[in-house]
Structure formats: C-alpha cells, structure tokens
Amino acid sequence: MRKKTESAAPVVVIGAGMAGARLAARVPGVTVVGEERHAPYNRVLLADVLAGRYAPDVIALPATEVRRGVRAVRIDRADRLVHCDDGSVLHYGRLVLATGSNPVLPPLRGLGATLPDGVHPFRTLDDALALRAAVRPGARAVVIGGGLLGVSAARALAECGAQVVLAQQGEHLMERQLDPEAAALLRVHLEALGVEVHTECRVRGLRCTTTATGESVRAVQLSDGYELAADLTVLACGVRPRTGLARAAGLDVRKGIVVDDELRTSDPYIHALGDCAEHRSTLYGLAGPALEQADVLAEVLAGRPARYEGTRALTRLTLRSPDPVHALDLAAFGEARPLPGDDVIRLSDATRGAYRTVVLRDGRLAGGVLLGDLGAVAGLARTWQDDEPLPPAMSLLHLLTDDGGH
C-alpha cells in the first residue's frame with residue numbers, strides 16, 4: 001500500500017452542488033467531481049428557471065473548476081483513491097462527500113424504474129429545463145406533494161399557463177414550516193392564481209397509455225377512485241440523502257452519512273456535508289445549513305479550529321410574479337406549532353396582506369411564521385437564533401413590528 005502525506009494529495013470533493021461549490025471557493029487547489037453537465041448553480045432558484053424568469057446562466061454560482069459529467073463510483077479508503085466512471089482515478093489527502101440527495105419516488109402503481117413520458121422529478125436544473133420544454137399553455141399538470149418544492153413548482157407551472165392541480169397528502173400545505181392559518185393563506189394565494197389545491201389527498205397510482213415511444217401518463221389516480229387528468233405530473237415528494245457511495249465504502253451511515261462537529265465521518269480522512277450529512281442525528285436538507293457547514297469545513301481543512309454546532313434554519317420562500325400584486329413572500333423558523341403551555345401572539349393585517357405569528361415557550365422565542373410583509377423577520381430570526389430569554393421589558397408586539405425590534 002502506498003503511503004501518502006497530507007501535502008502529497010489534494011482535497012477531493014465529490015459533488016458540485018451548492019455545498020461542494022461553496023467549499024471549493026474557500027479552499028485553494030480543490031478537485032471537484034460533479035455528475036451534472038452544468039456548472040454549479042443555485043438550486044433555490046430552480047422554480048424561477050421553470051417559470052422562465054431566469055436563464056440557467058443567471059443562477060450559476062461563482063466560477064468553480066469542476067470535472068463535469070463525471071460520476072465517482074468507488075472509494076478505496078486503504079489507498080485513498082476515488083475511482084470514476086470515466087476510468088480516471090483521483091488521489092486524496094482529504095475526501096469530502098457532498099453527494100446531496102435524490103428525489104423520493106413514491107410507490108405508485110404505474111411508476112417503475114423508468115419514468116413514463118410526462119412524469120418529472122423536480123430536483124435538478126435538467127429537471128427544471130425538461131419541465132420548461134414540456135409545459136404548454138392549457139396543459140394539465142398535477143404536482144404530487146405540497147411541501148416547499150411542490151408549492152414552488154405549482155406556482156411556476158401556473159405562471160407558464162398550465163392548468164395546475166396540487167395534491168397534498170397532509171392536512172395543509174408546507175406542514176413542516178407553516179401553521180394551519182398561514183397555510184390557509186398560502187392556499188388562497190395559489191387558488192387565486194388558478195392552482196387547484198387538494199389536501200388530505202392520497203395518490204394511488206398513474207394511468208398511462210402505450211405510445212410509439214413507450215408509456216405516457218394520462219391521469220393521476222386517487223385512493224377514492226377519482227382521477228386527475230394529467231399531461232404532466234411532477235413528483236415533489238421530498239428527498240432522500242445519497243449515501244450509497246459512503247455505505248459501500250464502509251462508513252457509518254444511518255439516515256445520512258454520520259459526521260461529528262468537524263464534519264468528519266467515521267474515517268478521519270473523509271468528511272461529509274450538505275444534504276447527505278447527518279449531524280447530531282439531524283438531516284437539514286436546506287441550503288443555509290449546507291453553506292454554513294462548508295464554511296466550517298473550510299476552516300477545518302485549513303488547520304484552523306472550527307466546529308459546526310448545528311443550524312437554526314430559517315426557511316424563506318418568494319413566489320415571484322411579473323405582476324408584483326401576485327407575488328408572495330413567506331418565512332418560517334423554529335417550531336410554529338404551539339405545545340400545551342406555550343403562548344402565541346398573532347397579528348393579521350388584511351389591508352397589507354400580512355400575517356405574523358410567534359410561539360413563546362418558557363420565556364424564549366420557539367418559532368414563528370410570517371407571510372406577506374417580512375419587515376420584522378430579521379429581528380425575530382435574530383432573537384430566535386440567540387435563544388436567550390426575552391427581557392421582561394421587551395414588548396413582544398414590538399418584535400412583530402416592521403423595525404424588527406430596533
């Protein structure tokens with residue numbers, strides 16, 4: 001076995017998403033391997049590409065040297081080698097797994113290993129471009145999944161002129177982030193744009209027909225027997241960390257690749273970050289924590305003391321529109337659903353289209369939701385992130401005002 005010193009072999013990053021690109025921008029001499037043919041891009045803006053507001057080059061991240069269209073297929077931990085599908089072999093002193101996540105494909109009748117024509121995941125730039133090419137004014141589109149991604153896709157498809165139905169299995173939209181009242185306002189917003197929203201709606205399968213090119217979707221079948229006609233079906237049912245490479249290499253994998261506070265895996269020469277990493281039993285799946293992890297790891301790789309202690313993530317969604325009247329901003333943080341004994345303060349201003357609610361627990365800000373006017377979000381988020389007891393003299397209503405508590 002060849003022995004290598006840290007200086008003899010470079011840092012290799014597998015994955016050219018937002019986390020991998022951020023790390024490469026901060027660590028000189030990094031080799032990045034990325035499966036996608038595109039330069040690294042801002043995944044948060046994919047709905048804007050689908051809606052036609054942005055071209056792909058607009059959402060590109062600052063230039064990072066990436067070996068595009070190359071997939072890592074095996075890690076040799078003994079000799080610290082990465083084998084790629086183009087036959088190349090990369091030596092590493094430190095390896096970083098930024099493999100991200102895959103869209104969850106639900107177990108539906110008619111949905112096999114090969115997706116029927118008209119059925120699209122919505123996770124990558126290629127997914128957004130394929131949907132953009134397929135959608136036509138008047139096309140019947142069904143979006144399965146009413147989370148952050150599904151809402152964004154439904155809004156963008158409606159903007160393209162499609163007749164959109166959004167099918168959500170849960171009781172209300174964006175259940176992970178919004179309370180029922182905020183979700184109801186979001187639903188009103190979508191319905192005003194022509195999106196037909198079905199909640200507590202269980203999808204059973206797809207009805208497809210055989211064409212000259214294969215199977216093509218015609219309808220989405222619900223568990224009660226009702227069918228939603230569909231020229232296009234978008235799968236927005238969540239994501240699952242990509243851990244196959246790490247698992248095959250014998251690393252500790254639970255739901256994600258297990259890392260410590262230095263983003264180090266069970267192998268001291270291999271780190272992981274972003275959607276694929278599980279830190280203190282938490283999978284984040286959001287851009288903010290991935291970027292924060294990349295910043296910490298850049299310090300670690302430079303030999304400077306740094307630790308990642310978790311991210312108190314703020315979710316923001318802007319549903320843009322050519323007509324500003326139809327745009328909508330929302331933000332959610334912490335636990336928006338109160339527990340017994342919690343205090344809730346809620347303000348609603350129909351004239352300004354604003355809704356704000358915060359949850360207080362044991363004298364601290366536990367979470368909140370803002371919809372419409374986000375003028376107070378900076379102050380609220382700062383108070384929540386500090387996780388300090390609220391001073392007795394602090395007016396909670398003052399926190400909800402536009403000045404953000406200043």
Side-chain angles (χ1 to χ4, degrees), residues 18-19 22 44 147-149 151-152 172-186 261 263 273-275 277-296 306-319 328-349 352-406:
M18 295 178 70
R22 175 76 159 234
V44 174
L148 184 65
L149 201 60
V151 167
S152 299
H172 61 75
L173 298 174
M174 292 183 61
E175 283 189 311
R176 288 182 59 186
Q177 293 89 10
L178 302 185
D179 62 9
E181 292 81 3
L185 292 173
L186 175 59
D261 290 355
L263 288 313
L273 76 167
D275 285 7
E278 179 179 338
H279 175 260
R280 298 185 186 180
S281 302
T282 299
L283 289 166
Y284 288 98
L286 296 169
L291 299 180
E292 187 174 335
Q293 289 171 3
D295 291 343
V296 170
R307 301 180 70 83
Y308 178 70
E309 297 183 351
T311 300
R312 294 173 68 82
L314 171 73
T315 299
R316 292 191 67 157
L317 175 64
T318 297
L319 300 174
L328 182 70
D329 289 317
L330 66 84
F333 59 92
E335 298 180 46
R337 290 186 174 184
L339 300 176
D342 289 347
D343 294 318
V344 178
I345 297 180
R346 184 173 293 122
L347 295 178
S348 182
D349 186 341
R352 301 175 63 185
Y355 170 84
R356 304 171 186 178
T357 183
V358 292
V359 176
L360 279 80
R361 181 174 305 147
D362 299 326
R364 288 175 166 84
L365 194 58
V369 176
L370 293 85
L371 196 88
D373 186 346
L374 300 189
V377 70
L380 287 168
R382 201 162 43 241
T383 300
W384 168 68
Q385 287 168 345
D386 290 344
D387 195 30
E388 296 292 335
L390 295 170
M394 177 178 285
S395 166
L396 296 174
L397 290 177
H398 188 50
L399 272 177
L400 291 171
T401 60
D402 284 352
D403 65 3
H406 291 169

Tell me the closest heavy-atom pair linking [X] and [Y], and the distance in Å.
X      : Y      : value
Gly310 : Tyr284 : CA-OH, 3.3 Å
Ala277 : Leu283 : O-CD2, 3.3 Å
Asp275 : Leu286 : OD1-N, 3.9 Å
Leu314 : Ala381 : CD2-CB, 4.4 Å

Could you please spell out the steps behind the side-chain contact (heavy atoms from CB on, under 4.5 Å) verdict for Leu330 and Val369?
-> CA-CA 7 Å; Leu330 66 84; Val369 176; 5.9 Å; no
Looking at [X] and [Y], would you say the former's side chain and the latter's main chain have a donor-acceptor pair under 3.5 Å?
X      : Y      : answer
Tyr355 : Glu181 : no
Gln293 : Gly274 : yes
Arg176 : Gly147 : no

Decide yes or no for [X] and [Y]: does some side-chain heavy atom of the first lie under 4.5 Å from some side-chain heavy atom of the second?
X      : Y      : answer
Arg307 : Val296 : no
Arg337 : Val359 : no
Val377 : Arg316 : yes
Tyr308 : Glu292 : yes
Trp384 : Val358 : no
Leu317 : Gln177 : no

Spacing of Glu335 atom CD and Asp179 atom CG [to the nearest 0.5 Å] | 13.0 Å
Point-to-point distance, once rounded to the nearest 0.5 Å, from CG of Leu273 to CG of Asp295 = 10.0 Å
Residues two or more places apart in sequence or in another chain: which of them pass salt bridge (Lys or Arg N to Asp or Glu O under 4.0 Å) with Asp342?
-> Arg361
State which residues pass side-chain hydrogen bond (donor to acceptor under 3.5 Å, both in side chains) with Glu175; sequence neighbours excluded, sorted by chain then number.
-> none
Checking side-chain contact (heavy atoms from CB on, under 4.5 Å) for the pair Leu173/Leu178: CA distance, chi angles, key distance, verdict?
-> CA-CA 8 Å; Leu173 298 174; Leu178 302 185; 5.6 Å; no
Do NZ/NE/NH1/NH2 and the carboxylate oxygens of Arg364 and Asp387 come within less than 4.0 Å?
-> yes
